[in-house]
Amino acid sequence: MKTIARLFLVTIISISCTNRQNEGQSLPTADVTPTPNQLAYQKMETVGFVHFTVNTFTDKEWGYGDEDPSIFAPTEMEVEQWVKAAHEGGLRELILTAKHHDGFCLWPSQYTEHSVKNSPYKDGQGDVVREFVDACRKYGLKAGLYLSPWDRNHADYGKPAYLDYYRNQLVELLTQYGEINEIWFDGANGGDGYYGGANEIRKIDNRVYYEWDSTFALVKSLQPDILIFSDAGPDIRWVGNEHGHAGETFWSTIHADKLVIGGSDASYLNTGEADGANWLIGQCDVSIRPGWFYHASQDSLVKTPLELIDIYYKSVGRNGVLLLNLPPDTRGLIHENDVASLRGFKNILEETFRKNFASGKKASASNYRMGLDTYSPEKLLDDDPETFWATDDEVLSAEIIVDLTNPQTFDRLMLCEPIRYGQRIRQFEILSSQDGHVWEKIAEGSTIGYKRLIRTRLLTASLLKIRILNADPSPALHTVGIYLSSEKERTP
Ligand code: FUL
């Protein structure tokens with residue numbers, strides 16, 4: 001008995017010691033971290049928007065709501081062509097304007113006559129939302145939907161009854177079309193419109209009118225895994241401009257209670273806040289053309305591959321997700337110029353990020369967590385985003401040296417934090433050297449987050465020093481990337 005009791009005691013003591021050891025070993029998370037769904041969303045990096053409605057045929061950006069549905073008459077409509085173009089351009093999700101401010105519905109909603117069911121499209125038998133989700137699934141893209149809260153067609157807009165209408169439409173969209181990955185709530189609200197023939201100006205108080213909390217609860221009850229976008233989250237937030245630019249400093253953390261849908265401080269949205277209490281992914285929306293909807297007059301104004309690349313560095317390269325709009329034309333096709341530009345963009349990205357010169361090379365660090373292999377600086381160069389370098393808890397600044405063995409010419413750098421542990425790094429700088437004696441500062445910055453891309457002039461060096469100057473809690477990085485940009489980027 002005695003021996004058994006002693007054995008029992010020894011086992012208990014050794015289990016509790018191991019637990020204590022493991023506690024110290026594993027990296028403590030920051031106070032605010034992304035949900036698994038937010039993490040998966042961020043990893044998509046580039047997603048797309050499809051703005052298509054009566055505006056495409058009236059050549060407008062904001063339809064008044066008095067359109068005759070008979071004008072919705074695409075001549076060569078092919079939804080798969082949109083999705084194929086997006087897929088080839090590397091976009092991982094597409095969001096369709098199921099209803100824009102004009103109130104025209106791309107699906108045969110039972111709650112309104114202002115829809116495809118009264119258009120010549122497929123003799124009123126068409127359902128663009130259905131075709132869209134089917135095509136997305138066929139090409140392996142996630143499907144998202146935009147349902148404009150502002151409705152310039154509906155007679156009840158501005159009154160409580162409209163909320164029932166709006167929510168009924170959400171129920172249709174979120175119960176009849178399978179899994180929807182994202183729902184997009186636009187902050188643009190109220191103004192003049194048709195409103196069932198009233199032809200007047202209707203203003204609403206965007207802080208109270210929509211009772212967003214109940215609408216969000218309804219959405220999540222219908223699709224628990226869906227991500228909700230609005231100016232203010234709760235899952236994905238606007239970055240305060242429509243150029244696709246996140247701030248140079250960009251925190252996924254922000255205080256959601258400082259945000260109002262349709263009325264937030266754009267500069268606050270553009271940076272977030274280091275100590276923000278909520279994790280809201282920054283989504284950088286921009287159109288491939290000047291307008292959100294197709295206008296033939298803008299066929300020559302499609303953003304070039306290089307312009308799109310610049311946006312990529314300012315969105316994905318600053319810890320955001322790029323949401324690029326591709327508007328179908330009056331044929332119901334994404335215009336050839338847009339398709340070509342998107343293809344060119346993807347091609348440049350592939351050429352630039354094809355080879356990471358740091359991959360498999362040697363790295364050392366001023367500190368790594370308890371001297372354990374699990375957190376050694378080599379993890380930065382192992383091409384595995386799941387493994388990472390991290391310091392001891394009390395070490396908030398550190399230095400990493402990457403040895404490329406031979407001189408290497410490069411002009412693009414990448415740093416990535418394992419954000420499932422939160423966004424921790426607040427300030428960094430990067431230096432390069434040929435010989436280990438003379439070091440030149442080549443970059444500096446504040447936030448890193450999911451991905452930080454840095455463009456430098458053309459440099460040749462065999463050593464790189466990454467200085468983490470400030471982090472809270474202790475810093476961690478999973479990848480250092482060193483690249484040479486595509487020649488197309490260097491010789492425009
Ligand atoms: C804005 C809207 O007013 C534009 O028409 C477009 O849909 C853009 C994405 O959001 O608020």
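As the structure lists them, so they are numbered: ligands from 1, and atoms in each ligand from 1.
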request  = Please report which non-hydrogen protein atom sits nearest to atom 2 (C) of ligand 1, along with the residue it belongs to and the distance in Å to one decimal place.
outcome  = D186 OD2, 3.1 Å
task = Compute the shortest N/O to N/O distance between E61 and ligand 1 and return yes if it is under 3.5 Å, no if not.
result = no
query = Among H245, R318, R455, R412, whose side chain to side chain donor-acceptor pair (under 3.5 Å) with Y313 holds?
reply = R412
task = Go through ligand 1 atom by atom and flag the ones less than 4.0 Å from a non-hydrogen atom of A188.
result = 3 (O), 11 (O)
query = Counting from 1, what ligand 1 atoms have a heavy atom of H101 closer than 4.0 Å?
reply = 2 (C), 3 (O)
ask   = Under 4.0 angstrom from ligand 1, any heavy atom of F49?
value = yes
task = Taking the six-membered ring for Trp and the full ring for Phe, Tyr or His, determine whether the centres of Y162 and Y157 are under 6.0 Å apart.
result = yes
message = Out of all atoms in ligand 1, which are within 4.0 Å of some heavy atom of E242? Include the element for each.
response = 1 (C), 8 (C), 10 (O), 11 (O)
task = Kindly indicate, with the supporting measurements, whether the criterion salt bridge (charged side-chain N to carboxylate O under 4.0 Å, His left out) is fulfilled by K138 and E131.
result = CA-CA 10 Å; K138 179 167 171 187; E131 288 186 62; over 6 Å; no
inquiry  = Below 3.5 Å, N or O to N or O, backbone or side chain included: is there any such pair between H100 and ligand 1?
reply    = yes
inquiry  = Taking salt bridge (Lys or Arg N to Asp or Glu O under 4.0 Å) as the definition, give me every residue that meets it alongside D205, ordered by chain and number, with sequence neighbours left out.
reply    = R207
key: Flag for E67-Y194: side-chain donor and acceptor within less than 3.5 Å   = no
request  = State whether the shortest distance between N or O atoms of H51 and N or O atoms of ligand 1 falls below 3.5 angstrom.
outcome  = yes
key: Side chains of D164 and Y111, donor plus acceptor under 3.5 Å   = no
